[in-house]
Amino acid sequence: MNILGISAFYHDSAACLVRDGQILAAAQEERFTRKKHDAAFPKQAVEYCLREAGLTAKDLDLVAFYEKPFLKFDRLLHSYLAYAPAGLRSFLMAIPLWIRERIWMKDLIRSELDYAGKIIFPEHHESHAASAFFPSPYQEAAFLTVDGVGEWTTTSFGAGRGNQIAFDSELQFPHSLGLLYSAFTYFTGFRVNSGEYKLMGLAPYGQPNYVDLILRELIDLKEDGSFRLNMAYFDYGVGLTMTNSKFEKLFGGPPRKPESRLTQRDMDLARSVQDVTEEIMFRMARHARRETGLGNLCLAGGVALNCVANGRILREGLFDNVWIQPAAGDAGGALGAALLGWHQYLGNARQADARKSGDF
Ligand SMILES: [Fe+2]
């Protein structure tokens, strides 16, 4: 049985082909188009996966798209309406694209692929969790998914057992660790959804001078790692930028202009938000360990690309083993969706392959 997983239309479009539970091919569209983070329908990545498997789209048994377009639209509509009229401008800019590309996703996928068969739409964080747990070397594991936002969910944890993943709890938009990190990425003059790794790399050059301010003003962080952001400082719910003038006032001036000289403030901000991120990830992982009682941890979601925070979780020794999906961002959603189709939707058994642990 051949299942094609697809992620597309936000950033990092990708395709993945799974045959009888085995990953045969997976690729990100940017590798073919040479457009970094290409968000277009992954036409060439799909062609590559089919070619590797010696198939055409007509041979596919199932297509799995990595999120639910209607639920995502619901989130956009609700957040724009909640903030109206401030959000009206960005809403009006976004809606034609949504109507054209996302509401009619099923038709779009059918016509792009020339495929008439079954299509499933797992939730965004189900795809992340599946991408973390199913390829892992564990028969049982806790999972933690952390990103900017999917439909509504921004963070989740739960347990994977055999061929099933089950969610314990989640945080929802606008309260998002990924978006907090992206807000500082924007504010320090880097590109959102792209330059986060630069912020992480800048952190060791700075001092954690703003940690207390961030924890006092921007975020209400609980012992279990759950949190609420103070939306008085952020603009992503309503406007076209990540932060607002109140945020500028708090950190002593406007955002750094892209490509201009980096200052000590930028470095200190990078270090501070990195420290806060590590603390939140640590608390979330500790909570997942306590709640699930499981000794293995799997991570995915764009924040799981923050290898420094992952290193902290590993060093703290909360879990016996930690496994991170290499394509932790949305590209990996294609892989998660396809494996979710095979194991959870079709109910096929799963035997974890301990050889993948890297310990052998
Ligand atoms: Fe994501």
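Worth knowing before you read on, the calculation uses all heavy atoms, side chains too, and leaves out hydrogens, waters and symmetry mates. A quick note: this is a predicted structure, and the numbers were derived from the prediction, not measured. Each ligand, and each atom within it, is numbered from 1 in the order the structure gives. Each residue takes its place number in the sequence, starting with 1.
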Degrees at the Fe ion (ligand 1) between the OD1 atom of D330 and the NE2 atom of H128, nearest 10°: 90°

Mutual orientation of the aromatic rings belonging to F187 and F247 [parallel < 30°, tilted 30-60°, perpendicular > 60°]: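 Ring orientation, 0 to 90° scale: perpendicular.
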
R31 NZ/CZ over Y48 ring centroid, <6.0 Å and within 45° of normal: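 Checked: cation-pi criterion not met.
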
Criterion ring pair (Phe, Tyr, Trp, His ring centres under 6.0 Å) against F184, the qualifying member of F251, F190, Y210: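 The ring pair (Phe, Tyr, Trp, His ring centres under 6.0 Å) with F184 is passed solely by F251 among F251, F190, Y210.
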
Under 3.5 Å donor-acceptor, K118 side chain and L62 backbone: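 Side chain of K118 to backbone of L62, a donor-acceptor pair under 3.5 Å: no, none is there.
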
D147 atom (N/O/S) at minimal separation from the Fe ion (ligand 1):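 Closest to the Fe ion (ligand 1) among those atoms: OD2.
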
The Fe ion (ligand 1) reached by H124 (N, O or S, under 2.8 Å): yes

